[in-house]
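Residue indices begin at 1 and follow the sequence shown.
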Amino acid sequence: MSRPVERIWHVLGVANLLAGAIYIWWRWTHSLNFDALWFALPLVLAETCAYFGLILFTANLWKTRDYPQQAPPSSIAQCTQEGESAERPVSVDLFITTYSEEEELVRLSIRDAKQISYPHAIDFRVHVLDDGRRESMRQVCEEEGVGYISRTNNVGYKAGNLRNAMEQTSGDFIVICDADTRPFPTILEHTLGYFRDPDVAIVQTPQWFYDLPEGKRLKDVWGRRAGKPGQLLGAAIEAVFGEIRIDEDPFVNDPAMFYDVIQRRRNPWNAAFCCGAGSIHRREAVMFVALRAYADAIARSGDEGRSRIRKLLGLQHKPDDALARWQAAQEEELTPYKFHVSEDIYSTIVLHQDSERKWKTVLHPEVESKMLSPQDLLSWTVQRFKYAGGSLDIFFHDNPVTRPGMTLAQRVMYLTTFWSYFGATWNLIFLLSPIVYMFTTIAPVSAYTGDFFGHALPFLVLNELAFMMGTWGLSGYKGKVSYLASFPISLRALWAVIRGKKISFPVTPKQRQEGNYFGLVWPQIAVIGLTVTAFAWCALRLFTVGGGYTLGGLIANGLWGLNNILAMSIMVRAAFWKPEEEGSQ
């Protein structure tokens, strides 16, 4: 957090949006190739949608204003409205959810949870929530001296598992951990102080993967290859663009951009959302929203019930409200956590929609736990498909952007999340456009002249400069190419939701899955193959018939195609990547 850097970002961010608006206006009014609208219109629509996403992302990154940290409470009375609670130590339940993960992996999480310290007296209990109903897991819990909670079914999956555990515990606060989440001893000392504000419902801590391949610094790699000049050049590049590493995590799992920048900068708007593992929940808030939803559901069902009762009994008048509501109450269930593949963000949405209570959510800016990352493309794809499918399902079926209760800023922040998953549709157009031009010589613009470059280049340059400052200290290129290259996942998720297919609750594998993942990257390979073939065809035409290209068109589409190849190749390389050393740390 640097105020001078933030002010530079503000200036460049506004300049970037103005340059983008000028470019988009020019594209619609002066540049369309009316002889090829089948090509020109999809591209300009894609550019317009991407520009709208740029506006949303700029708003998301606008400023960093952390929620004020306070000293950890010594009594629950310090975390509630005056007179609501007696003076007694805070009580906390830590839940470790598991289904099929190895028992010894869970044991590591249990042991780290038991090391959590607190500066005051506290009633702290660790519980393993085993949806696999394994006797071996129960034995591990007995050996480690922690609670074991199971159930006879898997209704609601993780959300149902959490609900079942809430019914059997009573802590004021709940810490959510996955099977591989290893909390630091300071997690409660550093986060419970936020709950001194009685309106704070959830505190999310950043997730950090401790098993990512570290790679080698650019300056060190170039230093070994070119001596002191190479080291100095590498250091200079890193000073401008942030730390750059060679041979690091091929899946771009590093969550720093998401937590340290995107989520953290939603704090000023009370729009940071829960991401599951590493989050702390106020039990009262979870139950408050659950009871309100329960009451609303009964009211809705009661209206329907009155109509059904009148038809069944042949009554001419409306039956008694009490009878209809009693019947509705028998049919409804109290659900503290929404039964959804993305129960974490869904539960946060329900909290933010409660305009009467004004619940707050906080992104704590310090890492308080470590966990395992996906170690192969299959695990990574399972995880990303679940994120995309869950978010899109919420957008289509319970969209917080249009439902009452949200502030304008909250709606913008949630729309930013949902809009990012729609980006796969226009990213596909961006990937295919240079291929179409080089194969056909048909341009989507009226001409690749100085007028085109005069509008496009200022926007492109300002965009890079703005987000270099907006994400100062982090390299944004890896995230951009990963976003571009993962278009098949979001497209599959979008298609599944549109068809009404239920998004499943797969458990992300915690160990490397062996196998050939060529089938997962065939779309990226196809883009590379088509682009390379288009280059070859273009070269053949130039050297034979001289064929219909302009210098501006070749420069623009050539660089565009090379960038697409680079982005796709990173995902293809990830499909065949294997770690140097097997096993987790």
On a heavy-atom basis, which atom in Pro198 and which in Arg357 lie closest, and how many Å separate them?
O-NH2, 3.4 Å
His364 side chain vs Pro206 backbone, donor-acceptor pair below 3.5 Å
no
Gap separating the CE atom of Met406 from the CD1 atom of Ile349, nearest 0.5 angstrom
5.5 Å
Given side chains that start at C-beta, do those of Phe396 and Leu494 come closer than 4.5 Å, heavy atoms only?
yes
Going by distance alone, is a donor N or O of one side chain under 3.5 Å from an acceptor N or O of the other, for Arg266 and Thr416?
no
Test your reading of the model: is there a side-chain donor-acceptor pair from Asn161 to the backbone of Leu129, 3.5 Å cut-off?
yes
Output all residues satisfying side chain to side chain contact (heavy atoms under 4.5 Å, CB included) with Thr181, sequence neighbours left out; order by chain, then residue number.
Cys177, Asp178, Ala277, Ser369, Met371
Test side chain to side chain contact (heavy atoms under 4.5 Å, CB included) on Val140 and Val106; report intermediate values, then the result.
CA-CA 9 Å; Val140 167; Val106 180; 5.8 Å; no
When every non-hydrogen atom of Trp380 is compared with those of Ser482, the smallest separation belongs to CZ2-OG, 4.1 Å
Nearest atoms (heavy-atom pairs only) where Val126 meets Ala113:
CG2-CB, 4.0 Å
Between Ser75 (side chain only) and Pro89 (backbone N and O only), is there a donor and an acceptor less than 3.5 Å apart?
no
Any side-chain heavy-atom pair of Asp393 and Tyr346 under 4.5 Å
no
Could you go through Thr97 and Asp131, starting from their C-alpha distance and side-chain angles, then the distance that decides it, and tell me whether this counts as side chain to side chain contact (heavy atoms under 4.5 Å, CB included)?
CA-CA 8 Å; Thr97 60; Asp131 253 6; over 6 Å; no
Judged by atom type as modelled, is there a donor-acceptor pair below 3.5 Å linking the side chain of Arg282 to the main-chain atoms of Ala201?
no
Contact between Leu474 and Phe467 at the side-chain level, heavy atoms closer than 4.5 Å - yes or no?
no
Does the side chain of Tyr148 come under 3.5 Å of the side chain of Glu142 through a donor N or O and an acceptor N or O?
no
Tightest non-hydrogen contact, residues Leu351 and Ala285, listed as CD2-O, 3.9 Å
Can you establish whether the number of heavy atoms outside Arg125 located under 6.0 Å from its atom CZ is more than 12?
no
Exercise: do Glu189 and Ser117 side chains pair donor with acceptor under 3.5 Å:
no
If only atom types and distance count, is the side chain of Asp180 paired as donor or acceptor with the main-chain N or O of Leu372 below 3.5 Å?
yes
Could you tell me if the side chain of Asp172 sits less than 4.5 Å from the side chain of Arg88, heavy atoms only?
yes
Can you name the side chain to side chain contact (heavy atoms under 4.5 Å, CB included) partners of Lys114, sequence neighbours left out?
Ile110, Glu144, Val146
Chi angles and distances behind the side chain to side chain contact (heavy atoms under 4.5 Å, CB included) call for Val497, His397:
CA-CA 10 Å; Val497 173; His397 298 116; 4.3 Å; yes
Rounded to the nearest 0.5 angstrom, the CG-OG distance for Leu56 and Ser420 is 9.5 Å
Between Asp354 (side chain only) and Gly405 (backbone N and O only), is there a donor and an acceptor less than 3.5 Å apart?
no
State, without any angle test, whether Gln139 and Glu143 hold a side-chain donor-acceptor pair at a distance under 3.5 Å.
yes
Mind checking the SG-CD spacing from Cys79 to Glu84? Nearest 0.5 Å is all I need.
11.5 Å
Asn399 and Arg411: side-chain donor and acceptor closer than 3.5 Å?
no
Check each of Gln410, His352, Gln204, His281 against Thr361 using the side-chain hydrogen bond (donor to acceptor under 3.5 Å, both in side chains) test, and report the only one that passes.
His352
Tightest non-hydrogen contact, residues Ser109 and Ala179, listed as OG-O, 2.7 Å
Could you verify whether a donor N or O on one side chain and an acceptor N or O on the other, from Tyr99 and Asn154, lie under 3.5 Å apart?
no
Please work out whether the ring planes of Phe273 and Phe258 are parallel, tilted or perpendicular, with thresholds of 30° and 60°.
tilted
Any side-chain heavy atom of Leu162 within less than 4.5 Å of one from Met166?
no
Residues Glu167 and Arg151 bridged, charged N to O under 4.0 Å:
no
How long is the span from the CD1 atom in Ile176 to the CG atom in Asp344, to the nearest 0.5 Å?
10.0 Å
Pair Asp130-Thr98, side-chain hydrogen bond (donor to acceptor under 3.5 Å, both in side chains): steps then yes or no:
CA-CA 5 Å; Asp130 181 23; Thr98 178; 4.8 Å; no
Would you say the ring centers of Phe124 and Tyr118 fall short of 6.0 Å from each other?
no
Donor-acceptor under 3.5 Å (Ser486 side chain, Tyr483 main chain)
yes
Identified side-chain hydrogen bond (donor to acceptor under 3.5 Å, both in side chains) counterpart of Lys360 within the set Asp199, Asp197, Asn267, Asn270
Asp197
When rounded to the nearest 0.5 angstrom, what is the spacing between CG in Leu363 and OH in Tyr194?
8.5 Å
Strictly distance-based, threshold 3.5 Å: is any side-chain N or O of Arg196 a donor or acceptor partner for the main-chain N or O of Ala71?
yes
Compare every heavy atom of Asp93 with every heavy atom of Ser170, then report the nearest pair and how far apart it is.
N-OD2, 3.4 Å
Arg265 and Glu6 ion-paired at < 4.0 Å:
no
Single hit among Trp419, Tyr421, Phe422 for ring-ring contact (aromatic ring centres under 6.0 Å, His included) with Phe395
Phe422
Would a 4.5 Å heavy-atom cut-off, applied to side chains only, mark Asn16 and Leu54 as touching?
yes
Pairwise side-chain contact, Tyr67 with Val200, heavy-atom cut-off 4.5 Å (strictly under)
yes
Quick one: does any side-chain atom of Trp269 pair with a main-chain N or O of Val412 as donor and acceptor, under 3.5 Å?
no
Measuring from atom OG1 of Thr417 to atom CD1 of Ile262, what distance do you get when rounded to the nearest 0.5 angstrom?
8.0 Å
Do Val90 and Asp123 pass the side chain to side chain contact (heavy atoms under 4.5 Å, CB included) test, and can you show the C-alpha distance, the side-chain angles, and the key distance before you say yes or no?
CA-CA 6 Å; Val90 172; Asp123 180 4; over 6 Å; no
Test item: Thr205 side-chain N/O and Gly278 main-chain N/O as donor-acceptor pair under 3.5 Å
yes
Does the pair Lys370/Asp112 count as a salt bridge with the N-to-O cut at 4.0 Å?
no
Does Trp9 reach the side chain of Leu61, with side-chain heavy atoms less than 4.5 Å apart?
yes
Got a sec: does the CZ of Arg7 have more than 12 other heavy atoms crowding it under 6.0 Å?
no
